[in-house]
Every structure is written in structure tokens, then in C-alpha cells.
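Numbers here simply count residues along the sequence, with the first being 1.
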Amino acid sequence: MISLKSRIVRFIFYNENSGFAIVKLEDNTTATGVLPKLQKDDIIEFWGEWVEHPKYGKQFKFESYKIEYPTTVNDILKFLSSGAIKGIGEKIAQKIIDKFGEKTFYILDNDVDELGKVKGVGKIKAGLIQLNWKEKKKFIELSLFFQTHGISSSYAIKIQKIFGDDSLDIIKNNPFILVNSVWGIGFKQADEIALKLGMEEHNHQRLKSAVIYILNDAAASGHVFILFPDLNAECMDLLKYELAARDKILLELETENEIVITGERIYLSSLYFSERGIENNIRRLNQIETSSGNSIKNIVKKLHANYSDEQIEAIK
């Protein structure tokens, strides 16, 4: 994969829902991929490859990216003047740079009182500027966090929409929340993050997420439930953890209405109640007086074109 570092000149196209962007960079380069709605003059390092578009020519198609903070006084001025931080226009940006220079980001992080002393800012506006700056930083940190753990930073857009500005803290506290919240991130990816963050191997949240993962995997193969010995074997294989028949992990999941336990059968709650619904409808239909035998034969005759003999017997 090739690395390309450049500055955003403008967005040619941006899809608010998917985050797909076409951006014009310095040196008239065009890059395409999933990005947050960044600002003019943001400095980005992309990783991807050069491709030849049949209509638009040579483009850099990126798979991941890293947003970089500017380091020189001139670049910091461009960054602030671009509208990257709400509340800072070109005139205020110049005043902030004149007062703090290369220490600007430190002031934005740590000293709202000093920021308030800048002419035209004041105490209230300084607080709002610092809040907006910290929100932007949190998004950048979220993107970098995913890149560090081998997950496309494009997920950061979706996750911030779901969990807001506290996304990173929420994920660090429980990486498994990603599995049910974000399409495309599975148990194994979340588990890898959890272990890298220092979560213990037999942490309750990890074990509970593993049980749900095993049940979902069985459902994808057409199984409405899984027998306890099979679930235990899967847990041993996946996590080296042996479940007891009435394990506290299973009891917690049952209390939280995630699963239903009937004898040795372990169901996902949604599938258990779906199956009961079918069962109740069959009982209801059995209580209805049916048509004469001849009518049934005629109906079945019409069905033969679309159903196998075995299916016809089931319909009867």
C-alpha cells in the first residue's frame, strides 16, 4: 500500500450518510474514499493505491488515513482560518497566532483563561472554542484508535453518529458494544481490541459476548438453538472456558433477556419467541374447520408446480 501525505484544497463530492468523499488535494491530486467532513487545509496522510478512472483519470483510492495536526505557525494559522474549529474565523485566528504562535494547540487544550484574553474572544467564546476544539480532537483520536487496531478509520464516522463525543471512552470501557452496534465489526475484531486494551481472558463481558456470538453463528447455519454440550465445546474452543450447566454467565444473559434456556437447549431470545409464535399459529390453524378433502386435493394439485413432494406433505 502506498502512502500519500497532502493538504485538502476542497471537497468535490461528499455523501453525508456513507462518508464517501472525492477531495482535491495539493498539486491538483484527486483522492477518493471514506472520510469525515474535514476542512480546507487539513493535513492528511492517506494509505491506498493509484487507480485510473475511465472518466476522471488518475486518482488516489485510499483505504485508511491519519489526520495530522499542523506544526508550523503558518500551517496552524491556515488550519484555524479554514473554519476547522467553530468560533474561529480568519481575524480571530490571526490574533490567536500572534499571541501564542506554536503554543496555540497547548493553549486550546489547557488554558481557556489565556484564550479568553485574546482581543475579540472573551471568556464565554473562549469556552465554546475550547469545547469545539476538543470535539474535533476526540474524532481524530477515535480514527487513530481504529487504525491502531487494524480497523478501517471509516468506522469512526458511523460510531461517532451512534455514541457521540464520548465514543472512544465507551468503546474502551466495553469494546464488545461494537458488535451489535456497527455493521461490519464482528466478535473477533472486538475481542482483539479488548485483549489489547488489557481485558482479562475470562472477563464477564467477554464471555457473554462470546456466547451470543456462538448462538448467532449457529443461527446463520440454520439452527434455532444450540444444545448445552455443543455450546460448552464451542466456548472451550474459542475462549478456553468451560461453562457450568447453570453458569453465572448464562444466568446473567437469561436475566438480561438475551437468551432463553429450556433444558439443554440454549436459544437467542428473538429466535425462541419467533419459534413459539409459529407454534401458536399452527395450533390456531389446527382449530379451524378445514375445507372438504376434494378442495384440499385441488389446492395441492396447483401447488405441485412450485413445491417438492416432501413440501406438499408438510403443507397437507
Report yes or no: is the cationic atom of Lys58 (NZ for Lys, CZ for Arg) under 6.0 Å from the centre of the six-membered ring of Trp50, at an angle within 45° of the ring normal?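 The answer is yes; both the distance and angle limits are met.
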Kindly state each residue pair satisfying ring pair (Phe, Tyr, Trp, His ring centres under 6.0 Å) with at least one member in residues 240-264, sequence neighbours excluded.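 Residue pairs with at least one partner in residues 240-264: His202-Tyr241.
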Is a side-chain N or O of [X] found less than 3.5 angstrom from the main chain of [Y], in a donor-acceptor match?
| X | Y | value |
| --- | --- | --- |
| Arg206 | Glu201 | yes |
| Asp75 | Thr71 | no |
| Asn132 | Ile85 | no |
| Gln130 | Leu108 | yes |
| Asn203 | Gln205 | yes |

Salt bridge or not for [X] and [Y], using N-O below 4.0 Å?
| X | Y | value |
| --- | --- | --- |
| Lys208 | Glu256 | yes |
| Lys248 | Glu252 | no |
| Lys123 | Asp113 | no |
| Asp109 | Lys134 | no |

Establish, from distance only, whether the side-chain atoms of [X] and [Y] form a donor-acceptor pair under 3.5 Å.
| X | Y | answer |
| --- | --- | --- |
| Glu45 | Ser3 | yes |
| Arg283 | Asn286 | no |
| Thr32 | Lys61 | no |

Where does the angle between the aromatic ring planes of [X] and [Y] fall among parallel (under 30°), tilted (30 to 60°) and perpendicular (over 60°)?
| X | Y | result |
| --- | --- | --- |
| Phe79 | Phe105 | perpendicular |
| Tyr267 | Phe225 | tilted |
| Phe11 | Tyr14 | perpendicular |

Walk me through whether Asp166 and Lys138 qualify under salt bridge (Lys or Arg N to Asp or Glu O under 4.0 Å). CA-CA 8 Å; Asp166 295 325; Lys138 281 180 180 180; 3.7 Å; yes
Side-chain heavy-atom pair Ile76, Thr72 within 4.5 angstrom cut-off: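 Counting from C-beta outward, Ile76 and Thr72 never come under 4.5 Å.
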